[in-house]
Amino acid sequence: MYENELKWRFAPSGFGKRKGLSTGDSETFKRNPFGNFGREVIQNSIDARTSDEEPVTVEFSLFKISPEEIPDLDGLKAAINRCMDFWKSSQPLYYNEYSKMLKILNSKNIECLRISDSNTSGLTGIDRSEDGKNNKFLALTKSSGVSDKNSDTAGGSKGVGKNAAFLLSRIKTVFYSTFTEDGAKGYFGVADFISGFVLDDVDNEHRDYTQGDGYFGKNNFNAPPEGLLNLDRSYKNREINKGTDIYILGLNKEDSWSSEILNSVLESFMASIVKKQLVVKIQNICLDGDHVLDIINNNMYVSPKKRAYYLSQYNILRGIGNVQAFDIDTEYGTAYLKILVLDETTKWMATHKCVMIRYPYMKIFDISLPKHLNASAVCIIERGELGKRLREIENPQHNAWEPKRIAQPDRDKINYTVESIKEQIENAVLQCFKTSVQEIIDPYGAGEYLSETEGNGDIGGDKSSSKMNEKEVVEISEFKPAVNIERNANAKRNDGAGVQPDIGESEDDGDDVLHPTGHNSGSGGGYSAGEEIGGSKPGDNIIMKKAQIAGIRYRFIVLDKTDGRYKITFISPVTNDKCYLTLYMLGDELSQKTQLRIISLKCNGKEMESDSDLECGPFSMKDGEKIELELKTNQTDYFASEVKLYASKE
């Protein structure tokens with residue numbers, strides 16, 4: 001019989017599975033219910049953002065209602081009584097819990113929590129609840145483990161975060177009211193109950209029991225009624241602003257509820273707030289890009305123990321202090337690392353952690369950094385393939401990466417990516433605290449053999465124009481922290497040899513290690529030839545001079561460390577048919593380096609024959625050409641290297 005009536009309905013189970021108090025979905029969020037709920041609901045609102053011009057706003061507000069204001073109060077009470085009757089003999093705990101719920105519904109006032117968002121799409125699909133395609137309403141209210149979100153941009157994607165709301169309700173009842181971007185208005189109630197007897201005339205011995213969940217709707221299809229539900233009479237914005245209101249009935253309030261939500265927001269969404277993509281209002285507290293620093297520094301809201309964690313994130317994101325930037329390159333894309341290096345006066349702010357943030361700028365978890373280094377860091381994974389792949393291995397709470405969640409062979413691939421990210425972050429932090437020597441090169445006497453170098457790096461021209469004054473000597477600058485790594489492999493650099501490698505990018509499989517340049521021709525100079533050396537090639541009657549090419553940014557890629565196979569990629573700044581390669585392994589000190597033997601060498605896929613395994617060549621390079629040198633050495637492990645390239649001058 002088709003019944004068109006606004007009321008609560010609890011579907012029969014067909015004598016199937018019974019539902020008790022504890023389920024896997026609800027247990028997931030019990031450890032920190034208010035913090036987890038705040039994180040989940042804000043994540044959902046960010047995922048539903050409609051305009052990039054305005055931030056998403058989420059408001060948490062307490063209010064009270066009388067029980068009679070709850071839609072179909074009598075139907076809700078009757079369902080609770082049937083649950084008590086079903087479990088009274090077998091589960092006294094269940095009976096007692098639902099007795100408390102009934103007592104709340106018989107009280108004078110019920111405290112509730114309203115959560116409202118704006119600049120969101122609302123629960124699209126509420127006006128077509130029978131259609132499951134692209135239906136956010138059904139995904140939120142009538143689905144478990146189902147998500148209706150863009151896999152490339154969504155913060156959440158497991159479909160279980162919606163259950164956090166019921167943990168905060170003492171009567172396990174939540175109402176949703178929405179004004180969608182399509183112009184639809186509707187509301188709906190959900191009761192997360194245990195199984196209870198079905199309401200019918202059959203004797204108790206043969207009565208079916210319910211599946212547990214109940215819905216407040218307008219007919220036997222549990223369709224949502226049209227219009228808006230406003231249980232908080234002081235709230236007037238929904239009539240004109242599109243978005244969703246969530247009403248948690250019988251709030252299981254704790255004195256620290258607002259503080260837990262506030263701290264969860266600061267910890268999880270600092271990047272969204274600082275970037276002015278999110279505004280969160282908790283009672284009379286406003287967390288936005290202009291006021292968040294005041295909140296962080298206020299002892300009423302943030303404890304001194306947590307202040308360093310929040311403040312370091314804020315400073316990194318705002319570029320305050322000694323913040324150094326690095327690229328974290330993977331097969332799936334690039335993440336962006338920023339490290340705050342702290343001195344003796346600011347070391348109290350060192351968290352020794354890197355906050356992993358994934359688009360839409362939500363924290364996932366922390367990676368530990370070396371405790372002896374005073375640093376804090378933030379790593380941001382923007383929208384794209386890398387974020388999509390990492391989201392696939394996140395747990396339901398979105399606070400850990402668990403590669404075992406996916407099958408082989410993708411598991412090994414993503415596990416390698418995860419380990420590579422962690423390694424690159426640690427190496428970058430170490431590099432920030434390593435000292436590097438900046439050399440202004442032209443060894444005494446070498447300049448008289450060198451030609452003037454044009455800005456494009458070509459070798460040639462009037463030799464006399466570049467001759468050095470004989471009183472000039474090599475200048476070694478003072479020790480200073482290592483400089484940032486640019487992503488562009490052809491970027492101009494003024495730094496010297498680096499002793500600590502970092503991971504870079506590659507189109508090939510294998511570990512990719514980024515090495516700073518060897519040395520350059522002077523402060524502010526362009527690409528140039530460096531020191532010139534002399535030597536004779538066996539079989540030749542002439543002495544061949546070779547000038548070192550400096551200022552190149554190399555990518556050093558580990559193809560197979562156990563076999564000693566590596567690749568060096570760079571953009572050539574010169575055109576020369578006779579170029580040579582030497583490779584050094586650096587020790588802990590800059591002065592400690594060992595020249596490696598190069599067993600074989602390919603240049604852009606072509607096998608090169610060489611008369612020496614210490615100075616391989618010749619091979620050709622053209623200005624602006626991408627060069628790939630694939631080589632095999634006698635070194636079969638990771639190492640910090642110094643690459644030197646020479647161009648002949650006959």
Side-chain angles (χ1 to χ4, degrees), residues 39 42 46 55 259 262-280 285-328 334-382 399 421-422 424-434 480-487 502:
R39 175 181 165 93
I42 292 172
I46 292 176
S259 176
L262 182 146
N263 280 274
S264 177
V265 172
L266 289 175
E267 181 169 338
S268 298
F269 299 101
M270 181 69 74
S272 293
I273 293 172
V274 171
K275 289 175 176 288
K276 296 190 175 183
Q277 297 193 11
L278 174 67
V279 175
V280 179
I285 306 169
C286 182
L287 290 171
D288 61 19
D290 295 325
H291 301 97
V292 65
L293 185 59
D294 296 333
I295 300 297
I296 293 173
N297 288 321
N298 192 322
N299 289 331
M300 290 178 58
Y301 307 125
V302 174
S303 68
K305 184 177 180 181
K306 292 185 177 181
R307 182 165 294 121
Y309 186 85
Y310 302 150
L311 192 57
S312 62
Q313 280 194 65
Y314 179 87
N315 286 348
I316 291 171
L317 293 166
R318 292 292 301 272
I320 300 172
N322 184 9
V323 178
Q324 301 190 27
F326 298 82
D327 284 353
I328 303 297
T334 302
Y336 303 97
L337 176 66
K338 293 185 178 182
I339 302 171
L340 178 62
V341 180
L342 301 159
D343 57 25
E344 285 299 313
T345 61
T346 57
K347 66 180 182 181
W348 63 270
M349 207 188 307
T351 62
H352 311 289
K353 294 178 181 178
C354 178
V355 184
M356 304 302 296
I357 296 173
R358 175 175 58 74
Y359 187 88
Y361 307 121
M362 177 181 74
K363 170 193 168 179
I364 306 301
F365 64 97
D366 295 321
I367 289 179
S368 296
L369 304 179
K371 293 293 185 182
H372 65 286
L373 301 179
N374 293 325
S376 300
V378 165
C379 182
I380 297 180
I381 301 161
E382 294 284 359
N399 61 11
I421 289 172
K422 293 178 180 178
Q424 291 180 64
I425 290 172
E426 183 173 348
N427 287 343
V429 173
L430 291 173
Q431 179 170 330
C432 288
F433 287 87
K434 282 280 189 179
K480 58 177 66 178
V483 299
N484 297 342
I485 296 176
E486 296 88 3
R487 187 163 185 237
D502 198 357

Chemist: Minimum heavy-atom separation for Ile320 to Val323, with atom names?
Modeler: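 Closest approach of Ile320 to Val323, heavy atoms only: O-CG2, 3.6 Å.
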Chemist: Side chains of Leu287 and Leu266, heavy atoms from C-beta outward: is any pair under 4.5 Å?
Modeler: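 The answer is yes, as the side chains (C-beta and beyond) meet within the 4.5 Å cut-off.
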Chemist: Please lay out, stage by stage, how Leu262 and Ile285 fare under the test side chain to side chain contact (heavy atoms under 4.5 Å, CB included).
Modeler: CA-CA 9 Å; Leu262 182 146; Ile285 306 169; 3.8 Å; yes
Chemist: Does Cys354 form a side chain to side chain contact (heavy atoms under 4.5 Å, CB included) with Leu337? I'd like the steps, not just the answer.
Modeler: CA-CA 9 Å; Cys354 178; Leu337 176 66; 3.8 Å; yes
Chemist: Under a plain distance cut-off of 3.5 Å, with no hydrogens placed, do Asn263 and Tyr310 share a side-chain donor-acceptor pair?
Modeler: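 Yes.
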Chemist: Tell me if a side-chain donor or acceptor on His352 pairs with a main-chain N or O of Ser376 at a distance below 3.5 Å.
Modeler: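 Checking the backbone N and O of Ser376 against the side chain of His352, no donor-acceptor pair under 3.5 Å is found.
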Chemist: Just by distance, do the side chain of Ser312 and the backbone of Tyr309 share a donor-acceptor pair under 3.5 Å?
Modeler: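 Yes; judged by distance alone, with no hydrogens or angles, the pair exists.
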Chemist: Looking at Phe326, I'd like to know if the NZ or CZ of Lys338 sits under 6.0 Å from its six-membered ring centre while staying within 45 degrees of the ring's axis.
Modeler: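 No; the conditions do not both hold, so Lys338 does not lie above the ring face of Phe326.
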Chemist: Would you indicate whether the side-chain heavy atoms of Ile357 and Cys379 approach each other to under 4.5 Å?
Modeler: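 The answer is no, as the side chains (C-beta and beyond) never meet within the 4.5 Å cut-off.
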Chemist: Quick check: do Asn298 and Ile296 have side-chain heavy atoms less than 4.5 Å from each other?
Modeler: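 Not in contact.
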Chemist: Under 3.5 Å, is there a donor-acceptor pair between the His291 and Asp294 side chains?
Modeler: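 Their side chains do not contain a donor-acceptor pair, so the 3.5 Å distance test is not met.
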Chemist: May I ask you to test the Met270-Val378 pair for a side-chain heavy-atom distance under 4.5 Å?
Modeler: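 No, their side chains stay 4.5 Å or more apart.
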Chemist: Can you give me every donor-acceptor pair (side chain of residues 339-346, partner residue at least two apart or in another chain, under 3.5 Å) with its distance?
Modeler:
{"residue": "Asp343", "atom": "OD1", "partner": "Thr345", "partner atom": "N", "Å": "3.0"}
{"residue": "Asp343", "atom": "OD1", "partner": "Thr345", "partner atom": "OG1", "Å": "2.7"}
{"residue": "Asp343", "atom": "OD1", "partner": "Thr346", "partner atom": "N", "Å": "3.1"}
{"residue": "Asp343", "atom": "OD1", "partner": "Thr346", "partner atom": "OG1", "Å": "3.0"}
{"residue": "Glu344", "atom": "OE1", "partner": "Lys347", "partner atom": "NZ", "Å": "3.0"}
{"residue": "Thr346", "atom": "OG1", "partner": "Asp343", "partner atom": "N", "Å": "3.2"}

Chemist: Apply side chain to side chain contact (heavy atoms under 4.5 Å, CB included) to the pair Asn297 and Arg307, showing each step before the final yes or no.
Modeler: CA-CA 7 Å; Asn297 288 321; Arg307 182 165 294 121; 3.7 Å; yes
Chemist: Using side chain to side chain contact (heavy atoms under 4.5 Å, CB included), reason through Leu311 and Leu293 one step at a time and then give a plain yes or no.
Modeler: CA-CA 8 Å; Leu311 192 57; Leu293 185 59; 3.5 Å; yes
Chemist: Do you know which two heavy atoms are closest between Phe433 and Ala375, and how far apart they sit?
Modeler: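 Closest pair (atom of Phe433, atom of Ala375, distance): CE1-CB, 3.8 Å.
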Chemist: Would you indicate whether the side-chain heavy atoms of Glu382 and Tyr361 approach each other to under 4.5 Å?
Modeler: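 Yes, side chains in contact.
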Chemist: side-chain hydrogen bond (donor to acceptor under 3.5 Å, both in side chains) for Asn399 and Arg39? Distances and angles first, verdict last.
Modeler: CA-CA 11 Å; Asn399 61 11; Arg39 175 181 165 93; over 6 Å; no
Chemist: Within a strict 4.5 Å, meaning less than it, do heavy atoms of the Pro55 and Asp288 side chains meet?
Modeler: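 A side-chain contact is absent here, since even the closest heavy-atom pair is not under 4.5 Å.
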Chemist: Looking at every non-hydrogen atom in both residues, tell me the closest pair between Met349 and Asn315 and how far apart they are.
Modeler: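 Nearest heavy atoms, Met349 then Asn315: SD-ND2, 3.3 Å.
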Chemist: Is the shortest heavy-atom distance from the side chain of Leu369 to the side chain of Glu426 under 4.5 Å?
Modeler: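 No, their side chains stay 4.5 Å or more apart.
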Chemist: Do Leu373 and Val429 come close enough that some side-chain heavy atom pair is under 4.5 Å?
Modeler: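 A side-chain contact under 4.5 Å exists here.
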